[in-house]
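The chain is numbered in sequence order, starting from 1. What you see is a predicted model; the values in this text were computed from it and never measured.
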Amino acid sequence: MSIAEGQAPKVKGCPSDIQVTGKNGSAITWIEPVFTDNVKVTRVTSNESPGQTFSIGGHKVEYEASDEAGWTTKCIFTVVLRPI
């Protein structure tokens with residue numbers, strides 16, 4: 001079995017961890033990362049979206065991009081909402 005040639009998508013602008021002080025249910029925004037590749041990026045998924053509301057505590061945000069060749073790259077950061 002040989003290893004497939006190719007490269008995973010590249011990520012630009014993966015946010016650093018975000019800490020915000022606010023009330024439970026505060027909306028938190030960020031600039032979404034951009035994925036590029038030497039072949040076509042076919043899918044980008046994420047478990048959270050900028051501007052949605054978060055409960056008090058830490059939340060892992062994960063983006064994943066896949067290309068036509070089946071390679072994937074992730075951008076992972078944490079959003080923390082601290083009580084006022």
Side-chain angles (χ1 to χ4, degrees):
M1 185 170 146
S2 63
I3 297 173
E5 293 280 328
Q7 63 184 28
K10 291 180 172 45
V11 61
K12 181 178 179 183
C14 187
S16 300
D17 291 350
I18 299 168
Q19 291 193 27
V20 175
T21 300
K23 295 179 181 173
N24 193 40
S26 292
I28 300 174
T29 62
W30 59 86
I31 297 172
E32 293 189 289
V34 175
F35 294 92
T36 58
D37 196 66
N38 62 331
V39 296
K40 185 178 179 184
V41 174
T42 56
R43 183 175 60 91
V44 177
T45 59
S46 67
N47 65 331
E48 307 286 0
S49 300
Q52 78 178 63
T53 58
F54 287 85
S55 58
I56 298 293
H59 307 271
K60 180 177 163 183
V61 179
E62 186 171 318
Y63 285 80
E64 182 177 78
S66 302
D67 67 15
E68 287 182 328
W71 291 79
T72 61
T73 296
K74 290 185 178 184
C75 162
I76 300 170
F77 60 98
T78 303
V79 169
V80 178
L81 179 58
R82 298 189 186 284
I84 295 174

I'd like to check [X] versus [Y] (side-chain heavy atoms, cut-off strictly below 4.5 Å). Are they in contact?
{"X": "Arg82", "Y": "Val80", "result": "yes"}
{"X": "Trp71", "Y": "Pro9", "result": "yes"}
{"X": "Trp30", "Y": "Glu48", "result": "yes"}

Enter the distance from [X]:[atom1] to [Y]:[atom2] here, rounded to the nearest 0.5 Å.
{"X": "Thr53", "Y": "Ile28", "atom1": "OG1", "atom2": "CD1", "value": "9.0 Å"}
{"X": "Leu81", "Y": "Ile56", "atom1": "CG", "atom2": "CD1", "value": "4.0 Å"}
{"X": "Phe77", "Y": "Lys60", "atom1": "CZ", "atom2": "NZ", "value": "12.0 Å"}

Run the ring pair (Phe, Tyr, Trp, His ring centres under 6.0 Å) test against Tyr63 and tell me which residues pass, sequence neighbours left out.
none
Heavy-atom pair of closest approach, residues Thr29 and Ile18
O-CD1, 4.4 Å
For the student: nearest non-hydrogen atoms of Ala27 and Gly51, plus distance:
CB-O, 3.4 Å
Under 4.5 Å between side-chain heavy atoms, hopping through other hydrophobics if needed: is there a path connecting Phe35 to Val39?
no
Consider side chain to side chain contact (heavy atoms under 4.5 Å, CB included). Of Asp37, Thr42, Asn38, Val41, which one does Glu68 pass it with?
Thr42
Which of Thr45, Asn47, Thr73, Val44 passes side chain to side chain contact (heavy atoms under 4.5 Å, CB included) with Glu64? It is Thr45
So which residues get pulled into Ile76's cluster when ILVMFWY side chains under 4.5 Å apart are joined, directly or through others?
none
Applying side chain to side chain donor-acceptor pair (under 3.5 Å) to Ser66 and not counting sequence neighbours gives Arg43
